Peer 1: 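Okay, handing you the structure first.
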Amino acid sequence: MKTIKYLLIFCLTVLSHFGFSQSIEGVWETYNDDTKELKSEVEIYMKDGKLYGKIVKLHNLKIPYEDAKCYYCTDYRKDQHVIGMEIITALEKNKRGDWKGDDALLDPNNGKLYDATLWLIEDNKLAVRGYVGWFFRTQYWIRKN
């Protein structure tokens with residue numbers, strides 16, 4: 001009887017962990033890879049079953065706020081202010097639970113588009129990987145409280 005009781009408690013604990021795990025949606029803080037200084041806040045949201053992200057706030061700018069534009073973009077975002085700019089576009093969830101897309105991640109500092117994969121490391125830590133061919137770079141974003 002004790003074994004069944006402990007098994008039941010274990011199962012409920014495991015199921016509640018999976019049932020209440022957080023989604024990828026929300027506001028995430030991005031950091032400079034070298035200085036670890038807070039750079040921006042990105043809101044990740046769902047639209048039509050796909051994942052999108054836009055910049056909602058900038059921090060520690062080295063230029064005047066009004067000059068924070070995507071000067072090097074080559075699409076409709078050219079010379080647009082980066083606040084409100086969509087930098088993650090139409091990612092789809094794969095069988096592993098990661099979110100992926102081609103030419104779906106924009107770096108507004110250089111205007112380049114990268115293939116992207118996003119996945120949760122923990123409920124409050126997001127891995128954001130940009131690819132060019134076989135080469136990639138991964139950043140870790142922290143969920144804003």
Side-chain angles (χ1 to χ4, degrees), residues 6-145:
Y6 290 124
L7 183 60
L8 182 61
I9 290 171
F10 174 76
C11 288
L12 288 174
T13 302
V14 169
L15 288 175
S16 68
H17 173 72
F18 289 114
F20 293 108
S21 65
Q22 293 185 343
S23 82
I24 200 168
E25 294 175 82
V27 177
W28 296 87
E29 296 176 335
T30 73
Y31 294 86
N32 181 298
D33 291 337
D34 298 324
T35 66
K36 308 301 181 213
E37 191 174 54
L38 179 62
K39 288 191 327 184
S40 67
E41 295 175 22
V42 176
E43 179 185 1
I44 296 179
Y45 57 95
M46 295 286 293
K47 182 171 69 173
D48 300 325
K50 296 183 180 182
L51 199 68
Y52 294 81
K54 65 181 176 182
I55 297 174
V56 293
K57 192 169 187 181
L58 296 172
H59 297 275
N60 300 307
L61 285 175
K62 307 290 188 252
I63 61 172
Y65 176 81
E66 57 275 359
D67 290 341
K69 297 180 181 179
C70 195
Y71 296 106
Y72 301 107
C73 287
T74 58
D75 59 10
Y76 66 94
R77 296 173 276 209
K78 174 113 178 99
D79 296 328
Q80 298 298 310
H81 202 277
V82 296
I83 295 292
M85 181 174 287
E86 188 177 272
I87 61 166
I88 300 171
T89 307
L91 299 182
E92 296 179 346
K93 198 169 195 174
N94 64 16
K95 292 177 184 176
R96 287 185 26 186
D98 300 342
W99 293 89
K100 296 183 86 97
D102 295 334
D103 288 338
L105 184 62
L106 170 71
D107 182 345
N109 291 318
N110 61 23
K112 292 183 181 178
L113 288 170
Y114 300 93
D115 295 348
T117 302
L118 277 66
W119 69 95
L120 281 174
I121 299 290
E122 303 168 353
D123 284 342
N124 294 317
K125 188 174 183 180
L126 179 68
V128 178
R129 182 170 288 171
Y131 296 88
V132 174
W134 293 98
F135 300 99
F136 64 86
R137 187 176 112 211
T138 305
Q139 289 188 327
Y140 297 97
W141 296 0
I142 304 301
R143 189 183 301 273
K144 183 175 179 181
N145 292 333

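Both backbone and side-chain heavy atoms feed into the values below; hydrogens, waters and symmetry mates do not. Sequence positions, counted from 1, serve as the residue numbers for this chain. What you see is a predicted model, and the numbers here were worked out from it, not measured in a lab.
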Peer 1: With rounding to the nearest 0.5 angstrom, report the CG to CG distance, Asp102 to Leu113.
Peer 2: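 Spacing of CG (Asp102) from CG (Leu113) equals 11.0 Å.
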Peer 1: Which heavy atom of Glu86 sits nearest to which heavy atom of Thr89, and what is that distance?
Peer 2: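 Closest approach of Glu86 to Thr89: OE2-OG1, 3.1 Å.
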Peer 1: Between Ile44 and Leu126, is the side chain to side chain contact (heavy atoms under 4.5 Å, CB included) condition met? List the steps.
Peer 2: CA-CA 11 Å; Ile44 296 179; Leu126 179 68; 3.5 Å; yes
Peer 1: Return the OH to NZ distance between Tyr52 and Lys47, rounded to the nearest 0.5 Å.
Peer 2: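 Reported to 0.5 Å precision, the distance equals 5.0 Å.
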Peer 1: Heavy-atom distance under 4.5 Å between the side chains of Gln80 and Met85, does that happen here?
Peer 2: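 Counting from C-beta outward, Gln80 and Met85 do come under 4.5 Å.
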Peer 1: Taking only residues two or more places apart in sequence or in another chain, which ones pass ring-ring contact (aromatic ring centres under 6.0 Å, His included) with His59?
Peer 2: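 Partners of His59 under the ring-ring contact (aromatic ring centres under 6.0 Å, His included) test: none.
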Peer 1: How close do Lys69 and Glu66 get, heavy atom to heavy atom, and via which atoms?
Peer 2: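 Reported closest heavy-atom pair: CE-O, 3.3 Å.
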Peer 1: Taking the side chain as C-beta and beyond, is there a heavy-atom pair between Val56 and Val42 under 4.5 Å?
Peer 2: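 The answer is no, as the side chains (C-beta and beyond) never meet within the 4.5 Å cut-off.
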Peer 1: Identify every side-chain donor-acceptor pair in residues 128-145 under 3.5 Å, counting partners at least two apart or on other chains, and give the distances.
Peer 2:
unit_1: Arg129; atom_1: NE; unit_2: Thr138; atom_2: OG1; d: 2.6
unit_1: Arg129; atom_1: NH2; unit_2: Thr138; atom_2: OG1; d: 3.1
unit_1: Arg137; atom_1: NE; unit_2: Asp33; atom_2: OD2; d: 3.0
unit_1: Arg137; atom_1: NH2; unit_2: Asp33; atom_2: OD2; d: 3.0
unit_1: Gln139; atom_1: OE1; unit_2: Trp141; atom_2: NE1; d: 3.2
unit_1: Gln139; atom_1: NE2; unit_2: Asp33; atom_2: OD1; d: 3.4
unit_1: Arg143; atom_1: NE; unit_2: Gln22; atom_2: OE1; d: 2.9
unit_1: Arg143; atom_1: NE; unit_2: Asp123; atom_2: O; d: 2.9
unit_1: Arg143; atom_1: NE; unit_2: Asn124; atom_2: OD1; d: 3.3
unit_1: Arg143; atom_1: NH1; unit_2: Glu25; atom_2: O; d: 2.9
unit_1: Arg143; atom_1: NH2; unit_2: Gln22; atom_2: OE1; d: 3.4
unit_1: Arg143; atom_1: NH2; unit_2: Ser23; atom_2: O; d: 2.7
unit_1: Arg143; atom_1: NH2; unit_2: Asp123; atom_2: O; d: 2.9
unit_1: Lys144; atom_1: NZ; unit_2: Glu41; atom_2: OE1; d: 3.0
unit_1: Lys144; atom_1: NZ; unit_2: Glu41; atom_2: OE2; d: 3.3

Peer 1: Going from CG on Leu51 to CD1 on Ile24, what distance comes out if it is rounded to the nearest 0.5 angstrom?
Peer 2: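 Result: 5.5 Å between the selected atoms.
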Peer 1: Would you call Arg77-Asp75 a salt bridge at under 4.0 Å N-O?
Peer 2: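 Result for this pair is yes, salt bridge flagged.
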Peer 1: Indicate yes or no for a side-chain donor-acceptor contact from Asp107 to the backbone of Gly111 under 3.5 Å, with no hydrogens or angles considered.
Peer 2: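 No, because the side chain of Asp107 does not come within donor-acceptor range (under 3.5 Å) of the backbone of Gly111.
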Peer 1: For residues Glu43 and Trp28, determine if any side-chain heavy atom of one lies less than 4.5 Å from a side-chain heavy atom of the other.
Peer 2: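 No; the side chains remain at least 4.5 Å from each other.
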Peer 1: Please examine the side chains of Trp119 and Arg96, heavy atoms only from C-beta on, and report whether any two atoms are closer than 4.5 Å.
Peer 2: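 No, side chains not in contact.
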Peer 1: Any side-chain donor-acceptor pair under 3.5 Å between Thr30 and Lys39?
Peer 2: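 No, because no side-chain N or O of Thr30 sits under 3.5 Å from a partner of the opposite role on Lys39.
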Peer 1: Mind checking the CG-OG1 spacing from Asn60 to Thr35? Nearest 0.5 Å is all I need.
Peer 2: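 Nearest 0.5 Å value for the CG-OG1 distance: 8.0 Å.
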Peer 1: Taking all non-hydrogen atoms of both residues, which atom of Leu91 and which atom of Gly101 are closest, and how far apart?
Peer 2: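 The answer is CD2-N, 3.4 Å.
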Peer 1: With a 6.0 Å cut-off (strictly less than), is the heavy-atom count around NZ of Lys57, excluding the residue itself, greater than 12?
Peer 2: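 No, the 6.0 Å shell around NZ holds no more than 12 heavy atoms from other groups.
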Peer 1: Any cation-pi pair here, Lys112 with Tyr72, using under 6.0 Å and within 45°?
Peer 2: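 Here Lys112 fails the 6.0 Å and 45° test against Tyr72.
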Peer 1: Test your reading of the model: is there a side-chain donor-acceptor pair from Asp48 to the backbone of Lys50, 3.5 Å cut-off?
Peer 2: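 Side chain of Asp48 to backbone of Lys50, a donor-acceptor pair under 3.5 Å: no, none is there.
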Peer 1: Taking the side chain as every heavy atom from C-beta outward, state whether Asp98 and Leu118 have any pair of such atoms under 4.5 Å apart.
Peer 2: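 No. Closest side-chain heavy atoms not under 4.5 Å.
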Peer 1: According to the disulfide (SG to SG under 2.5 Å) rule, which pairs have a member within residues 32-91, sequence neighbours left out?
Peer 2: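 Only Cys70-Cys73 qualify under disulfide (SG to SG under 2.5 Å).
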Peer 1: Taking Tyr71 for the side chain and Asp67 for the main chain, is one N or O donor matched with an acceptor at less than 3.5 Å?
Peer 2: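 A pair under 3.5 Å: yes.
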